[in-house]
Participant: 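Pasting a structure below so you can have a look.
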Number of protein chains: 2
Amino acid sequence: MNIREVAKRAGVSTATVSRVVNGTVPVSTHTERRVRSAIKALGYYPNSHARTLGSGKSHMYGLIISDITNPFFPDIAKGFERIAVEHGQELLIANTDYQPQRMQVCVRRMLERKVDGVAIMTSEMDQQLIQLLNKRGIPIVFLDTGKVGRMTSNIFIDYDIGIEHAIAHLASLGHERIAFISGPPTLPSAQTRKDAFLRSLKNRGIKPRPDYMKTGNHHIDGGQSAMAQLLKMSTIPTAVLASNDLTAIGVIGAIHAAGLRVPDDISVVGFDDIELSQYLQPPLTTVRVPRMEIASRAFTALYAASHKGADHGIEYQIATELVIRQSTGPVRSV
Amino acid sequence: MNIREVAKRAGVSTATVSRVVNGTVPVSTHTERRVRSAIKALGYYPNSHARTLGSGKSHMYGLIISDITNPFFPDIAKGFERIAVEHGQELLIANTDYQPQRMQVCVRRMLERKVDGVAIMTSEMDQQLIQLLNKRGIPIVFLDTGKVGRMTSNIFIDYDIGIEHAIAHLASLGHERIAFISGPPTLPSAQTRKDAFLRSLKNRGIKPRPDYMKTGNHHIDGGQSAMAQLLKMSTIPTAVLASNDLTAIGVIGAIHAAGLRVPDDISVVGFDDIELSQYLQPPLTTVRVPRMEIASRAFTALYAASHKGADHGIEYQIATELVIRQSTGPVRSV
DNA sequence: ATGAAAGCGCTAACAC
DNA sequence: GTGTTAGCGCTTTCAT
């Protein structure tokens with residue numbers, strides 16, 4: 001079942017069938033009707049590989065993420081896909097599993113599949129690989145890596161503003177002993193969050209204590225063990241800011257496990273605002289990173305670059321905002 | 001950059017390049033070396049569309065799920081992809097967003113992309129669409145829909161056993177007023193879980209109370225509102241079994257919101273055992289549905305059908321098991 | 001072991 | 001508005 005059979009049955013050329021299928025060039029209503037009925041009768045659908053091969057456009061964007069299992073990413077993927085489908089594009093997802101060397105496989109896959117653009121939402125990025133994409137003229141959009149150039153855009157997330165609010169919120173509740181549990185040191189965005197935290201503390205005249213800086217892994221267990229360490233200290237913090245919500249969940253778990261309460265004994269602030277956070281016990285105060293907006297901006301960047309030929313990338317700014325729920329409260333008077 | 005350039009540079013024919021790339025037919029070590037170095041020098045990588053078009057095999061399996069945002073699915077996707085990649089295959093994911101009519105789009109997409117097989121893990125299934133796949137000789141594997149036939153396998157999840165244990169567990173703690181919050185009525189697997197619940201109750205001589213049967217939506221909010229209704233009753237249940245973990249999370253939220261405690265006032269049992277469940281407060285007692293095993297079986301089914309030509313599908317059995325944590329406890333003596 | 005060449009199904013010039 | 005046809009990049013007989 002291919003375009004030739006449809007053409008034969010409709011008594012037209014394959015080019016005409018292609019025209020009605022793609023709506024590229026006007027076709028007389030009469031032939032159009034004939035073609036459509038042939039298509040229906042034969043149950044014809046085009047072979048996308050042949051299409052891509054013939055036209056050079058795959059109508060597919062790639063999305064490279066670290067781990068589909070991290071709740072942050074499915075939201076992005078879903079949003080991205082929805083917009084893509086609305087624009088007649090499709091989405092190819094690839095995971096790096098947080099392993100830098102897998103990045104190469106992912107990019108290779110994108111190249112082989114001839115994607116029209118790729119959104120890279122992981123930080124396991126290699127400059128050489130970017131070159132590969134660039135050389136092929138494939139638009140790229142990064143999340144948070146800062147370099148904008150030919151065919152490459154960037155979505156800059158303003159962590160500072162959200163973190164600033166979080167610290168202000170905590171300070172207004174009387175907190176001064178504020179701990180921070182970072183993400184994996186190798187993750188630039190985690191580093192950025194951490195830096196923003198330190199900066200914000202200083203701005204407020206609070207001196208950061210190195211022993212209140214712990215390293216997590218952006219997973220629940222990392223938050224748990226980091227918090228467990230914190231709880232062993234002689235002077236435990238009265239509040240902790242986690243580098244993502246998963247970490248915060250682990251933190252809360254560890255606090256509860258130690259027989260303490262949130263926010264009565266310790267206040268906890270998360271980061272990301274995954275759907276779940278509002279349903280935690282207590283509902284999590286967190287810095288929201290608007291994922292739909294990220295997905296939408298990422299798509300726009302790619303779409304613009306691959307269609308309108310806007311060959312110089314642009315930098316998008318996305319703000320973060322503090323969502324106050326019930327995991328934060330006034331510092332307990334001693 | 002294509003196979004012809006590589007061939008030219010290596011001084012061989014394109015056929016030979018194809019042979020070394022695919023390792024299909026032995027090639028003299030000398031030419032192989034030449035070809036490989038040309039490939040490296042030119043940075044050549046094959047165009048997968050041309051490959052698919054030429055060979056008829058896409059080396060890609062399709063996975064149709066309801067919603068990538070539901071934590072159940074990313075686990076499946078991840079597991080499936082890992083195994084697929086190990087076997088030199090790739091994965092194409094499509095969402096139905098729980099809308100039956102989107103199923104058609106998904107299947108169409110699979111057809112267009114010429115997948116070598118498709119795993120359908122949603123229940124928005126239309127017999128006609130199956131025919132479409134079948135007619136093209138594309139292997140299918142279903143989750144929980146029961147029909148095994150030519151080229152179509154099924155993964156049967158034995159919900160009964162897990163639910164049976166859950167009820168036994170609850171009964172041993174003295175519970176008799178056990179409520180059930182089902183999933184969407186349109187979802188067969190949700191229906192199956194509900195039936196298993198009723199059957200299990202009867203086996204134990206407990207008469208199911210219709211007013212203890214509520215309908216959720218497999219999301220957190222559905223669990224919340226269903227539980228809220230339950231809490232308005234004059235005689236509230238002492239335990240509730242939710243049709244999935246997300247529902248259970250909502251249930252716990254509603255219970256807490258009402259100023260009651262889990263498990264002191266009400267015991268809660270979930271279903272699925274998503275990663276998060278162990279970290280909830282309290283950690284959730286739940287019926288585990290082994291997702292890795294599902295992913296692995298699904299892949300095996302497809303791989304067998306599309307490779308070894310095992311053209312009759314088979315039925316896989318997967319057991320469920322109760323994981324006892326801390327959301328269940330003895331019924332409070334009145 | 002290797003090469004020549006015929007497809008695979010479609011798109012896009014180009015001609016009419 | 002429609003047909004002809006030359007690719008797109010690869011695989012795969014069929015020869016040799």
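Throughout, a chain's letter reflects where its sequence line sits, starting with A, and its residues are numbered from 1.
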Participant: Starting from C1' on D:dT11, measure out to NZ on B:K114 and report it in whole angstrom.
Facilitator: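 That distance rounds to 17 Å.
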
Participant: Would the distance check show the side chain of B:S18 and the main-chain N or O of B:T14 forming a donor-acceptor pair, the cut-off being under 3.5 Å?
Facilitator: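 Answer holds: no.
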
Participant: Between D:dT4, D:dC10, C:dT11, which nucleotide has the shortest distance from any of its atoms to the side chain of B:I3?
Facilitator: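 Among the listed nucleotides, the one closest to the side chain of B:I3 is D:dC10.
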
Participant: Which is more 5' along DNA chain C, the nucleotide nearest A:V17 or the one nearest B:T14? Just name the residue.
Facilitator: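 Its nucleotide being nearer the 5' end, the pick is B:T14.
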
Participant: Could you give me the CA-CA distance, side-chain angles and deciding distance for A:R82 and B:N95, then say whether side-chain hydrogen bond (donor to acceptor under 3.5 Å, both in side chains) is met?
Facilitator: CA-CA 10 Å; A:R82 232 205 19 229; B:N95 297 267; over 6 Å; no

Participant: Taking CD in B:Q128 as the centre, count heavy atoms belonging to other residues, nucleotides or ligands within less than 6.0 Å. Is the count above 12?
Facilitator: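 No, because the 6.0 Å sphere around CD of B:Q128 holds 12 heavy atoms or fewer from other groups.
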
Participant: Would you please say whether a donor-acceptor pair under 3.5 Å links the side chains of A:Y61 and A:S306?
Facilitator: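 Per modelled atom types, A:Y61 and A:S306 side chains form a pair under 3.5 Å.
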
Participant: With a cut-off of 6.0 Å (strictly less than), are more than 12 heavy atoms of other residues, nucleotides or ligands near CZ of A:R4?
Facilitator: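 Not more than 12 within 6.0 Å, no.
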
Participant: Between B:R51 and B:N22, do the side chains contain an N or O donor and an N or O acceptor separated by less than 3.5 Å?
Facilitator: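 There is such a pair between these side chains.
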
Participant: Quick check on the helix from C:dA1-D:dT16 to C:dC16-D:dG1: what's the angle between its two end axes, five base pairs per end, to the nearest 10°?
Facilitator: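 Between the axes fitted at each end of the helix from C:dA1-D:dT16 to C:dC16-D:dG1 lies an angle of 30°.
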
Participant: Regarding A:V12, tell me which of base, sugar-phosphate or nothing describes its non-hydrogen contacts under 4.0 Å with the strands shown.
Facilitator: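 Result for A:V12 = sugar-phosphate.
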
Participant: For B:H59 versus B:G88, what's the shortest heavy-atom pair and its separation?
Facilitator: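 So the two residues come closest at CB-O, 4.0 Å.
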
Participant: Take a 6.0 Å sphere around CD of A:Q104 and say whether it holds more than 12 heavy atoms from other residues, nucleotides or ligands.
Facilitator: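 Count not over threshold, so no.
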
Participant: Give the rounded distance in Å between these two atoms: CG of B:N2 and P of D:dT11.
Facilitator: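 Distance, rounded to whole Å: 12 Å.
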
Participant: Measure from the side chain of A:A15, starting at C-beta and using heavy atoms only, and say which of C:dA12, C:dG3, D:dT12 lies closest.
Facilitator: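 The answer is C:dA12, which lies nearest to the side chain.
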
Participant: I'd like to know if the side chain of B:T192 pairs up with that of B:S189 as donor and acceptor (distance under 3.5 Å, no hydrogens or angles considered).
Facilitator: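 B:S189 and B:T192 do not have a side-chain donor-acceptor pair below 3.5 Å.
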
Participant: With the side chain of B:S18 defined as its heavy atoms from C-beta on, choose the nearest nucleotide among D:dT11, C:dT11, D:dC10.
Facilitator: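 Nearest nucleotide to the side chain: D:dT11.
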
Participant: So with a 6.0 Å cut-off around NZ of B:K57, is the heavy-atom count from everything else above 12?
Facilitator: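 Buried by this count: over 12 neighbours within 6.0 Å.
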
Participant: Would you kindly give the NZ-to-P distance between A:K57 and C:dG9, to the nearest whole Å?
Facilitator: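 Taking NZ of A:K57 and P of C:dG9, I get 23 Å after rounding.
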
Participant: Let's see if you can work this out: which of D:dC10, C:dA4, C:dA12 has an atom nearest to the side-chain heavy atoms of B:Y44?
Facilitator: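 Comparing D:dC10, C:dA4, C:dA12 against the side chain of B:Y44, the answer is D:dC10.
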
Participant: Parallel, tilted or perpendicular: which fits the ring planes of A:H49 and B:H49, with parallel below 30° and perpendicular above 60°?
Facilitator: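 Because their plane-to-plane angle lies in the 30° to 60° range, the rings of A:H49 and B:H49 count as tilted.
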
Participant: Nearest-nucleotide wise, let me know which of B:S55 and B:S13 is further upstream toward the 5' end of DNA chain C.
Facilitator: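 Nearer the 5' end of the strand: B:S13.
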
Participant: Would you tabulate the pairs of protein nitrogen or oxygen atoms and nucleotide nitrogen or oxygen atoms of nucleotides 14-16 of chain D closer than 3.5 angstrom?
Facilitator:
none

Participant: When you measure from every atom of DNA chain D, which of residues 21-43 of chain B have a heavy atom less than 4.0 Å away?
Facilitator: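 Contacting residues: B:N22.
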
Participant: Between D:dT5 atom P and A:R4 atom CZ, what is the distance in whole Å?
Facilitator: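 Rounded to whole Å, this separation is 14 Å.
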
Participant: To the side chain of B:R51, which of D:dT4, D:dC10, C:dC8 is closest?
Facilitator: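 Nearest to the side-chain atoms of B:R51, counting from C-beta on, is D:dC10.
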
Participant: Applying the side chain to side chain contact (heavy atoms under 4.5 Å, CB included) criterion to A:M110, which one of A:L92, A:L63, A:I138, A:L129 satisfies it?
Facilitator: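 Exactly one pass, corresponding to A:L92.
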
Participant: Grab the CD-P distance between B:E5 and D:dC8 for me, whole Å please.
Facilitator: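 It works out to 11 Å between those atoms.
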
Participant: Does any donor atom in the side chain of B:S66 or B:D97 lie under 3.5 Å from an acceptor atom in the other side chain?
Facilitator: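 No, B:D97 and B:S66 have no side-chain donor paired with an acceptor closer than 3.5 Å.
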
Participant: Kindly say if B:Y45 contacts the phosphate of D:dG9, meaning a side-chain N or O under 4.0 Å from OP1 or OP2.
Facilitator: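 B:Y45 to D:dG9 OP1/OP2: no side-chain N or O under 4.0 Å.
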
Participant: Nearest to the side chain of A:T16, heavy atoms from C-beta on, is which of D:dT2, C:dC10, D:dC10?
Facilitator: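 Of D:dT2, C:dC10, D:dC10, D:dT2 is nearest to the side chain of A:T16.
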
Participant: Specify the separation, in whole Å, of atom CG of B:L53 and atom C1' of D:dG7.
Facilitator: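 Rounding to the nearest Å, CG of B:L53 and C1' of D:dG7 are 12 Å apart.
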
Participant: Find which nucleotide of DNA chain D each of A:G11 and B:H49 is nearest to by heavy atoms, and output the residue with the more 5' nucleotide.
Facilitator: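 Nearest nucleotide further toward 5': that of A:G11.
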
Participant: What is the distance, to the nearest angstrom, from the CG atom on B:N47 to the C1' atom on C:dC8?
Facilitator: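 So the CG-C1' distance, B:N47 to C:dC8, works out to 13 Å.
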
